[in-house]
Amino acid sequence: ALVLTKSRAALMAFLFVALGAAVGSRAWLRVVPAVTVALLGLILLPNILDRFRSLGNEDPTTQLRLASWQQALGQVSRAPLFGVGYNAYGFEQVAVGNIGDVRIHSRAGADNSFLTFLATTGAWGGVLLFVAVFAAVLALRERAHMGSALAAPALLAFLALLVHAQFLHSLVYVPLALPLVVLLGAALADRRGRTA
């Protein structure tokens, strides 16, 4: 995906995980060379650096993303406790004049999974999401220390998705979320042969 799309959000998630793998791995002598080769390969990709240079004011993707974040914060301030409801978000955007039609950009939420959760489920939904994410991270770390072969990769994949979710709807995008949930379930059930 990085090679084909040169997605800045995906690249940031990859760099975060690569750094985490290099720093957090006990077998760093095997991880660091692989991470170094991967990073060099990305740097040598044509136009990858141009994607980052385009982050200025003239970048239309950045401007749309910032606008969607501001709109989501406005929705949060209008319905702070319980949100506007996930399926109602686009209609609320039309009602307040942020967009003219529910078929255009920003109709399904902010370009940030956490802002989308806050705007659509309110503070209570945001707290529940934070508790679930925090519990999953702690449980995966515990399984990794117990020797689970799946826990460390699952934790890194989960952290990558959390970074990616700052810029896209990753947490509510089924083709990304479903494989991750299966991986997390397998890692959390893996207690050296005992089920969770």
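Just so you know, residue 1 is the first one in the sequence shown, and it goes up from there. It should be emphasised that the depicted structure is a prediction, and the values quoted were computed from it without experimental measurement.
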### Task
Decide side-chain contact (heavy atoms from CB on, under 4.5 Å) for Gln70 and Asn98; before the verdict, give the C-alpha distance in whole Å, the side-chain angles of both, and the deciding distance to 0.1 Å.
CA-CA 10 Å; Gln70 291 171 342; Asn98 288 334; over 6 Å; no
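- With side-chain heavy atoms closer than 4.5 Å counting as contact, directly or through intermediates, the hydrophobic cluster containing Leu81 also holds Phe82, Trp124, Leu128.
- Side chain of Ser113 to backbone of Leu171: a donor-acceptor contact under 3.5 angstrom is found.
- Atom-to-atom distance recorded for Leu118:CG and Leu129:CG is 8.5 Å, nearest 0.5 angstrom.
- When every heavy atom of Ala119 is checked against every heavy atom of Ala72, the shortest pair comes out as CB-O, 3.9 Å.
- Atom OH of residue Tyr89 and atom OG1 of residue Thr116 lie 6.0 Å apart, to the nearest 0.5 angstrom.
- A single hydrophobic cluster is seen to contain both Val137 and Phe114, as judged by linkage of ILVMFWY side chains at heavy-atom distances under 4.5 Å, directly or through other members.
- Panel note: side chain Thr121, backbone Gly83; no donor-acceptor pair is recorded below 3.5 Å.
- With side-chain heavy atoms closer than 4.5 Å counting as contact, directly or through intermediates, the hydrophobic cluster containing Val127 also holds Val131.
- Here Asn112 pairs with nothing under the side chain to side chain donor-acceptor pair (under 3.5 Å) rule; sequence neighbours left out.
- Counted within 6.0 Å of CZ on Arg141, heavy atoms from surrounding residues, nucleotides or ligands total 12 or fewer; the atom is thus considered open.
- Of all heavy-atom pairs spanning Ala157 and Leu183, the tightest one is CB-CD2, 4.0 Å.
- Rounding to the nearest 0.5 angstrom, the gap separating the CG atom in Leu176 from the CG atom in Leu168 is 9.0 Å.
- Atom CD of Gln75 sits about 5.0 Å away from atom CD of Gln93, to the nearest 0.5 Å.
- Take Tyr173 and apply the ring-ring contact (aromatic ring centres under 6.0 Å, His included) test, not counting sequence neighbours, and it matches no residue.
- Here the closest non-hydrogen pair linking Ala160 and Ala13 is O-CB, 3.4 Å.
- Of the inter-residue distances, the one linking Leu150 atom CG with Leu155 atom CG reads 12.0 Å to the nearest 0.5 angstrom.
- A donor-acceptor distance shorter than 3.5 angstrom exists from the side chain of Arg143 to the backbone of Leu188, with no hydrogens or angles considered.
- Connection of Leu115 to Leu66 is established within a shared hydrophobic cluster, with ILVMFWY side chains joined at heavy-atom distances below 4.5 Å, either directly or through further cluster members.
- Leu180 and Phe130 sit in two unconnected hydrophobic clusters of ILVMFWY residues. Membership requires side-chain heavy atoms under 4.5 Å apart, directly or through other members.
- The closest donor-acceptor contact from the side chain of Gln166 to the backbone of Leu162 lies under 3.5 Å.
- Leu156 contributes atom CG, which lies 10.0 Å from atom CG of Leu140 (distance to the nearest 0.5 angstrom).
- For Ser170, the side chain to side chain donor-acceptor pair (under 3.5 Å) criterion is met by His164, not counting sequence neighbours.
- Transitive grouping of hydrophobic side chains (ILVMFWY, heavy atoms separated by less than 4.5 Å) keeps Val84 and Val96 in distinct clusters.
- For Val172, the side chain to side chain contact (heavy atoms under 4.5 Å, CB included) partners at least two apart in sequence or on another chain are Tyr86, Phe117, His169.
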